[in-house]
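Reviewing the structure listed below.
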Amino acid sequence: HNPADTNEFRWWNGSIDEVRIWNRSLSEAEVYEHYVSNLKKYDTDKWSFYINQSKNSSTGLDVGNYTYSGYAKDVAGNENWTETREVRIKSETDVTKCRDLSQANTIYTLQNSVTSSGICFNITADNITLNGNGFTITGDGGVTDYGITTPANSNLLNIKIKNFANIGTFGRGIYLQQVNNSLIYNNTMISQVAQSTYAVWLEDGDSNRVENNTINWNATSTYESYGIYLLVNSGKTLGNNNITGNNLIIYSESLDGYGIYFDNYGISNSNTIQSNTFNITASGGDSYGFFLSDYGSPNANTFKLNTIQDNTFDINSSLYSYGIYMSLGNQGIPIGSNTIYNNIIRVSSTQSISTFSAYGVYLYDIGSLNLTLNTINATAPNAHEIDIYLTSGSSNNVFYDNNLVGSNWSSYIANSGGTNNTFVNVSYSGGEFVGTSADLTRKWYYTAYVNDTNGNNVSNANVTAYNVT
């Protein structure tokens, strides 16, 4: 009604829904609240209330938690109200289900545990952090199940994956291909599946860090289980990576189990494996703490300046057990200045056979290795164990200050196993074997004290020893 209009009545050509007449003027805010809400009766004694809340017609609510309650009063004065309830306004970076993560320079935070029957999270842009926030992601054990992955040949930078309470039941828990400067930190990964399975797969990437994760990764039936798998393809590099402070518990029911598997066909320099604990068990296959396989081309491959330091290895198998296994496969690939330092290596096999079944350190065609301050103890039935084993031309290696605890063979250089290998101040508990076309030089630290006939110390004396073993 318009009081200024002398024609008080006009026809409305149309329809009006939810007509309301008030006995007072409403404020702008009150009008807006009615605009975004709807109260309707849908049964004889039931009503529903809908509200599309925002700040105004163009601006939504800020991200955060909001409280609300409902209140009703009929014409007779009867009234009732709900308890105070809470609703959370989420941002695009709050993750509640498996999805692509495609916004660069973004921290995504998981808000609840999720399940997946395939790929759960696919990271497709640089500078993305996925914070598990104490929640879990769980696959269904399928062959193509990936917990967190990147596209093939992604060339992504600065990916961070952290704080998951569990990533499990996947063929591959975390799979990063051609990713550089990434961080996998403070995650728990527990899985048991009936297929060959990998907790962490890093392929063709530089300067990645895998730190402070607990990985309990198991393969049942006739399948292999891998804790951390590093793959370098021909013509690619994987360098300056750091695997530190992880707890690796790997089990294979019927085939092989690997703590860290390094599969090199390219250039692999300056990687560090430090302060990890390895507990590897294979009930029906072989167990390996660290495994290096390098079968590429001598003209294209290198494996240099890598360090395995301050780790504890407990490796057990019903067949063959290896603490550290390194092989170049007689390819003549350049390898040098690699270091195995201050590790505790305990290896055992329950296999009772006439050949060796437990090896602390196994070197196949490996040269220019520095192995220092390690404690190595290999045990097996019938005394068929070796603390340090060299074969197939493993030459020019130096072993300093190691304590070889195994009671059978402390060191064993096979026929044609290598030349110019040197043991300096190495303590033996077992025997030593040097095969034909092989040699071993032993050196010990020596301190001489010279006294005169009256028992006085003599300074700057020259001491010569010869024809002495």
Verify, without hydrogens or angle tests, whether S437 (side chain) and N415 (backbone) share a donor-acceptor contact under 3.5 angstrom. no
Over all atoms of both residues, closest heavy-atom pair of I366 and S327: CD1-N, 4.0 Å
Any luck finding a side-chain donor-acceptor pair between D256 and S252 under 3.5 Å? no
Please identify each residue that fulfils ring pair (Phe, Tyr, Trp, His ring centres under 6.0 Å) with Y185, with sequence neighbours left out. none
How would you list, by chain and number, every residue that makes a side chain to side chain contact (heavy atoms under 4.5 Å, CB included) with L110, sequence neighbours excluded? V95, V114, F121, F135, I137, F164
Would you say the side-chain atoms of S407 pair up with the backbone N or O of G430, donor to acceptor, closer than 3.5 Å? no
Contacts of F290 that satisfy ring pair (Phe, Tyr, Trp, His ring centres under 6.0 Å) - sequence neighbours left out: none
Pairs involving residues 141-161, ordered by first then second residue, that meet ring pair (Phe, Tyr, Trp, His ring centres under 6.0 Å) (sequence neighbours left out): Y146-Y175
What are the two closest heavy atoms between L176 and I184, and how far apart are they? CD1-CD1, 4.1 Å
Short question: side chain of Q274, backbone of D310 - any donor-acceptor pair under 3.5 Å? no
Given N213, N279, I260, T214, the one that forms side chain to side chain contact (heavy atoms under 4.5 Å, CB included) with L248: I260
So CD of Q309 and CG of N374: to nearest 0.5 Å the spacing works out to 10.0 Å
Got a sec, which residues hit side-chain hydrogen bond (donor to acceptor under 3.5 Å, both in side chains) with S352, two or more places apart in sequence or on another chain? N382
Using modelled atom types only, decide if a donor and an acceptor are shared between the side chain of N311 and the backbone of N276 within a distance under 3.5 Å. yes
Sequence neighbours excluded, every pair satisfying ring pair (Phe, Tyr, Trp, His ring centres under 6.0 Å) that has a member inside residues 223-257: Y198-Y226, Y198-Y229, W201-Y229, Y226-Y229, Y226-Y258, Y226-Y261, Y229-Y261
Give a yes or no on whether the backbone of Y341 and the side-chain of T339 come within a donor-acceptor separation of less than 3.5 Å. no
Contact between E203 and N233 at the side-chain level, heavy atoms closer than 4.5 Å - yes or no? yes
Please determine whether side chain to side chain contact (heavy atoms under 4.5 Å, CB included) holds for the pair V210 and N246, giving the CA-CA distance in whole Å, both sets of side-chain angles, and the decisive distance to 0.1 Å. CA-CA 8 Å; V210 182; N246 303 283; 3.9 Å; yes
Rounded to the nearest 0.5 Å, what separates atom CG in L101 from atom CD in Q103? 10.0 Å
Between the main-chain N or O of N316 and the side-chain N or O of S287, is there a donor-acceptor pair closer than 3.5 Å? yes
So among Y389, Y359, F313, Y362, which one has a ring pair (Phe, Tyr, Trp, His ring centres under 6.0 Å) with Y325? Y362
Determine whether T220 and V193 make a side-chain contact, defined as any pair of heavy atoms from C-beta on separated by less than 4.5 Å. no
N163 meets the side-chain hydrogen bond (donor to acceptor under 3.5 Å, both in side chains) criterion, sequence neighbours left out, with N131, N186
From OG1 (T375) to CG (N377), nearest 0.5 Å: 9.5 Å
List the residues meeting side chain to side chain contact (heavy atoms under 4.5 Å, CB included) with T355, not counting sequence neighbours, and say none if there are none. Y320, I353
Working note: Y265 + V232, criterion side chain to side chain contact (heavy atoms under 4.5 Å, CB included); need CA distance, chi angles, decisive distance, verdict. CA-CA 5 Å; Y265 294 86; V232 191; 5.8 Å; no
Going by atom types only, do D126 and N158 share a side-chain donor-acceptor pair under 3.5 Å? no
Greater than 12 external heavy atoms within 6.0 Å of L373's CG: yes
Rounded distance [0.5 Å steps], CD1 in I345 versus OG in S321: 13.0 Å
For S317 and D286, test the side chains for any donor-to-acceptor distance below 3.5 angstrom and give the result as yes or no. no
Roughly how far, to the nearest 0.5 Å, is the NZ atom of K160 from the CG atom of N181? 8.5 Å
Side chain Q351, main chain L319, donor-acceptor under 3.5 Å: yes
Other residues, nucleotides and ligands only: do more than 12 of their heavy atoms fall within 6.0 Å of OH on Y400? no
Side chains of Y412 and D387, donor plus acceptor under 3.5 Å: no
Which heavy atom of G173 sits nearest to which heavy atom of M189, and what is that distance? CA-CE, 4.0 Å
I need the S427 OG to N402 CG distance, nearest 0.5 Å. 9.0 Å
Compute whether any side-chain donor of one residue and acceptor of the other, for N218 and S191, lie under 3.5 angstrom apart. no
So, the side chain of S154 versus the backbone of Q177: is there a donor-acceptor pair under 3.5 Å, distance only? yes
Sorted by chain and number, sequence neighbours left out, salt bridge (charged side-chain N to carboxylate O under 4.0 Å, His left out) with E211 holds for R209
Of all heavy-atom pairs between A219 and T197, which one has the smallest distance, and what is that distance? CB-CG2, 4.0 Å
Salt bridge (charged side-chain N to carboxylate O under 4.0 Å, His left out), that's the test. Do E432 and R442 meet it? Break it down for me. CA-CA 11 Å; E432 175 188 282; R442 305 162 201 82; 2.4 Å; yes
Flag for N370-T372: side-chain donor and acceptor within less than 3.5 Å: yes
side-chain hydrogen bond (donor to acceptor under 3.5 Å, both in side chains) against N397, all qualifying residues, sequence neighbours excluded: N421
Locate the shortest heavy-atom distance separating D145 from S117; write the atom from each residue and the value. OD1-O, 3.2 Å
Could you walk me through whether D206 and N240 satisfy the side chain to side chain donor-acceptor pair (under 3.5 Å) test, starting with their C-alpha distance in whole Å, then the side-chain angles of each, then the deciding distance to 0.1 Å, before giving a yes or no? CA-CA 6 Å; D206 291 323; N240 299 297; 5.5 Å; no
Quick one: which residue pairs count as a disulfide (SG to SG under 2.5 Å) with a foot in residues 113-171, not counting sequence neighbours? C98-C120
Backbone N/O of S268 and side chain of N306: donor-acceptor pair under 3.5 Å: yes
How close do P151 and I123 get, counting heavy atoms only, and between which atoms? CD-O, 3.1 Å
Does the T237 side chain pair with the main chain of G239, one donor and one acceptor, at a distance under 3.5 Å? no
side-chain hydrogen bond (donor to acceptor under 3.5 Å, both in side chains) with N133: which residues, sequence neighbours excluded? none
Are there over 12 heavy-atom neighbours, none belonging to E28, within less than 6.0 Å of that residue's CD? no
